Amino acid sequence: MSVFFTKAIVRAPAPTFSQGISTSQLGSPDYILALHQHQEYTKALKSCGVDVVQLKPASDFPDSTFVEDVAIVHEYGVILTNPGVESRKGEVSLIQTKLCSLYKNIYRITMPGTMDGGDILRVDNHFFIGISARTNAAGGYQLAGFLKKEGFSSDLIDITSIPGLLHLKSGISYMGDRNLLVTKSLIGHRLFANFKCHLIEPDEEYAANCVRINDKVLLPTHNPKTNRLIQSRGYQILELDMSEFRKMDGGLSCLSIRF
Ligand code: CIR
């Protein structure tokens with residue numbers, strides 16, 4: 001289930017997109033280009049065989065295109081997060097009606113717990129829960145408890161001292177078959193000792209956030225070494241230009257909730 005999906009939820013960027021949070025220093029995003037890139041992303045999801053629910057842009061929440069951060073969805077239910085920055089907390093109620101129409105089993109991360117979905121990496125029936133500037137230990141333990149009730153195991157992994165990692169999934173992706181793509185800062189971690197870890201070269205670290213969906217892998221453009229690495233594992237790649245989302249600190253995975 002962690003690489004096989006039938007549905008996805010996306011939300012196109014709103015006209016206020018450039019007012020979202022950014023540390024990238026890559027300049028202000030071009031809104032029209034961002035819309036185009038988002039359409040290409042949505043097409044790519046569809047070509048992987050998933051039904052895509054497209055939510056309306058939400059101008060009150062400039063970061064709301066990064067839907068992955070507000071919910072964790074698995075086959076038995078949904079965990080609504082409590083985003084780690086004030087400006088994003090309202091995004092949860094924007095999406096909950098849709099998710100409540102799909103699942104009855106809804107849990108919530110509540111204060112003092114905070115969590116961004118970008119910190120949660122599912123690997124088969126196990127979840128790695130990144131403790132970051134956005135997800136705190138209280139949120140991590142709440143999630144671990146909800147997951148345990150549904151039969152999933154989990155580990156907390158502290159990334160607060162790793163410079164440049166906004167979320168856990170900024171530095172790691174699961175390709176299936178026990179293969180992880182991992183940045184240098186995470187590769188030797190004891191929690192990944194039982195996996196086949198493949199190093200993402202330092203000059204392509206943005207590509208560590210890629211997405212395996214069914215028989216394909218979505219990968220940001222201009223990462224030739226990572227492209228070769230993934231192809232050598234036998235996966236088919238769909239390259240997507242993510243330039244405008246990268247300017248707002250967003251990666252490929254954060255643009256959708258896949259389930
Ligand atoms: C933020 O700082 O919250 C947004 N500008 C970017 C969020 C990216 N989300 C993700 O990687 N899961």
Side-chain angles (χ1 to χ4, degrees), residues 2 8-31 34 37-38 41 45 55 57-73 79-92 94-95 109 114-122 127-136 139-140 143 157 159-160 162-174 181-183 185-186 200 205-213 218-220 240 242-259:
S2 56
I9 297 178
V10 300
R11 186 190 295 285
T16 53
F17 180 52
S18 64
Q19 294 162 32
I21 305 163
S22 176
T23 59
S24 75
Q25 300 188 316
L26 293 172
S28 188
D30 176 324
Y31 178 57
Q37 291 178 352
H38 195 269
Y41 181 90
L45 288 176
L55 302 175
S59 278
D60 288 348
F61 298 97
D63 281 310
S64 56
T65 191
F66 302 117
V67 283
E68 176 184 65
D69 290 322
V70 296
I72 294 123
V73 181
I79 298 105
L80 296 171
T81 67
N82 178 21
V85 285
E86 214 44 52
S87 65
R88 301 201 58 192
K89 289 191 190 292
E91 292 176 31
V92 177
L94 277 186
I95 212 163
I109 303 297
T114 63
M115 176 166 290
D116 281 10
D119 280 314
I120 314 306
L121 175 69
R122 181 169 176 182
F127 286 75
F128 291 108
I129 303 171
I131 303 305
S132 68
R134 300 288 179 90
T135 299
N136 64 15
L143 177 64
I157 169 166
I159 61 161
T160 50
I162 302 179
L165 269 199
L166 173 61
H167 292 118
L168 175 63
K169 279 190 287 193
S170 312
I172 185 166
S173 299
Y174 185 50
L181 300 183
V182 193
T183 54
S185 56
L186 287 170
I200 296 290
E205 289 209 332
Y206 182 68
N209 180 269
C210 55
V211 181
R212 159 99 192 262
I213 304 184
L218 308 188
L219 180 73
L240 289 166
M242 291 290 294
S243 64
E244 304 316 289
F245 298 99
R246 188 174 188 177
K247 289 176 182 170
M248 301 308 292
D249 295 346
L252 262 171
S253 74
C254 39
L255 289 182
S256 59
I257 303 174
R258 304 156 299 278
F259 52 103

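One-based numbering, in listed order, for ligands and for the atoms of each. Keep in mind that what you see is a predicted model, and the values were worked out from it rather than measured. Nothing fancy with the numbering, it's 1 onward along the sequence.
Using a 4.5 Å cut-off on side-chain heavy atoms (C-beta onward), T65 and F245 make contact. By the 4.5 Å heavy-atom criterion applied to side chains, D119 and I159 are counted as neighbours. The shortest side-chain heavy-atom distance between S243 and Q37 falls under the 4.5 Å cut-off.
For atom 10 (C) of ligand 1, the closest non-hydrogen atom on the protein side is C254 CB, 3.0 Å.
The distance from ligand 1 to the heavy atoms of H167 drops below 4.0 Å at these ligand atoms: 9 (N), 10 (C), 11 (O), 12 (N). Within the listing of ligand 1, atoms 6 (C), 8 (C) sit less than 4.0 angstrom from a heavy atom of D249. The distance from ligand 1 to the heavy atoms of E68 drops below 4.0 Å at these ligand atoms: 12 (N).
Atom 7 (C) of ligand 1 has its nearest heavy-atom neighbour, among I120, V67, D63, D69, in D69. The residue among R246, R88, R134, M248 with a heavy atom at the shortest distance from atom 2 (O) of ligand 1 is R134.
One finds no salt bridge joining R11 and E91 here, because no Lys/Arg side-chain nitrogen approaches an Asp/Glu carboxylate oxygen to under 4.0 Å.
At a cut-off of 3.5 Å, with distance as the only test, no side-chain donor of R134 or S132 sits close to an acceptor on the other residue.
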